[in-house]
Amino acid sequence: GKPVLVALDRNTDMEAFGGRPPISSTFTVGASSDGKITSMNVTTNCDAGNTAADLVFPVSSTNAYVISGAKIQSNNVISAKPHNTIMRAPGHFQGAFVTEACVEAAATQLGNAGWSLLVQEANMDSDVLNGAWAQMKAYCNPEQRLQACQAFNALNRYRKQGLYCMPCLYSMDTTTI
């Protein structure tokens with residue numbers, strides 16, 4: 001045989017190499033009445049397959065939020081399954097979704113179930129809040145869209161609409177380059 005170079009498109013690549021490793025997270029979150037998150041404890045278990053000794057999956061991200069005192073613990077779990085990802089840094093985006101679940105839970109505790117903008121903005125990184133987030137709000141008018149969703153839901157018993165805005169801050173450590 002002779003070696004060949006294969007270039008896959010992103011869809012084929014993700015289908016062939018499994019995407020991201022499965023995770024399971026538990027968390028507790030507390031917030032003050034103004035929406036500021038006062039405590040956030042997250043424990044995430046990552047199914048690293050049978051190669052956990054070689055790979056580390058730190059599923060840890062506070063995403064676009066500044067949450068002082070956040071405690072995030074990530075554990076690799078060895079299983080009989082083969083390792084199912086080729087991603088170099090598989091933990092950031094999963095961690096962002098877990099953090100977003102914490103934000104939503106805090107909003108629910110404050111009586112804002114299904115609408116977490118107050119909690120999001122009370123904890124958001126100021127550069128994101130005043131930059132991309134402000135542009136998104138100016139362009140998309142999420143408060144107006146929420147009212148339209150609520151009106152639709154009031155008129156429809158079985159069909160419902162929803163709205164969710166999620167920031168994403170993917171930071172890279174450039175100090176070691």
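A quick note: this is a predicted structure, and the numbers were derived from the prediction, not measured.
- In the model, Asp47 has a side-chain atom that pairs as donor or acceptor with a side-chain atom of Ser79 under 3.5 Å.
- Counting heavy atoms from C-beta on, the side chains of Gln73 and Asn41 never come closer than 4.5 Å.
- Taking OG of Ser39 as the start and NZ of Lys71 as the end, the distance is 8.5 Å to the nearest 0.5 Å.
- Using a 4.5 Å cut-off on side-chain heavy atoms (C-beta onward), Val98 and Ile23 make contact.
- Considering CG of Asn141 and CG of Leu146, their distance stands at 12.0 Å, rounded to 0.5 Å.
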Which is it for Gln161 and Asn153 under the side-chain contact (heavy atoms from CB on, under 4.5 Å) test, yes or no, and what are the steps along the way?
CA-CA 6 Å; Gln161 292 181 346; Asn153 293 345; 4.0 Å; yes
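- Between the side chain of Arg145 and the backbone N or O of Leu163, no donor-acceptor pair lies under 3.5 Å.
- Using a 4.5 Å heavy-atom threshold, the side chains of Met40 and Thr28 count as separate.
- Side-chain contact check for Thr44 versus Ile72: every heavy-atom pair is 4.5 Å or farther apart.
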Taking only distance into account, with no hydrogens and no angle test, what donor-acceptor pairs under 3.5 Å do side-chain atoms of residues 113-122 form with protein atoms, sequence neighbours excluded?
unit_1, atom_1, unit_2, atom_2, d
Ser116, OG, Glu104, OE1, 3.4
Ser116, OG, Tyr164, OH, 3.3
Gln120, NE2, Tyr65, OH, 3.4
Gln120, NE2, Glu100, OE2, 2.6
Gln120, NE2, Cys165, O, 2.6
Glu121, OE2, Trp133, NE1, 2.9
Glu121, OE2, Lys137, NZ, 2.8

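- Without hydrogens or angle criteria, Asp125 side chain to Val128 main chain gives a donor-acceptor distance under 3.5 Å.
- For Ser32, the side chain to side chain contact (heavy atoms under 4.5 Å, CB included) partners at least two apart in sequence or on another chain are Asp34, Lys36, Thr38.
- Within the 4.5 Å cutoff, side-chain heavy atoms of Asn63 are placed close to those of Met166.
- Annotation: Phe97, atom CZ; neighbour count of heavy atoms from other residues, nucleotides and ligands within 6.0 Å does not exceed 12.
- For Asn123 (side chain) and Gly35 (main-chain N/O), a donor-acceptor pair under 3.5 Å exists by modelled atom type.
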In sequence, state the C-alpha distance, the side-chain angles, and the governing distance for Val29 and Gln109, and then conclude on side-chain contact (heavy atoms from CB on, under 4.5 Å).
CA-CA 9 Å; Val29 64; Gln109 287 175 4; 4.1 Å; yes
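- Interatomic distance, Ser33 OG to Leu110 CG, rounded to the nearest 0.5 Å: 7.5 Å.
- Between the Asn45 side chain and the Asn76 main chain, no donor and acceptor come within less than 3.5 Å of each other.
- For the atom pair Thr62 OG1 and Ile67 CD1, the distance stands at 6.0 Å (nearest 0.5 Å).
- Between Arg159 and Phe152, the shortest heavy-atom contact is O-CE2, 3.6 Å.
- The closest side-chain heavy-atom distance from Ser25 to Thr43 is not below 4.5 Å.
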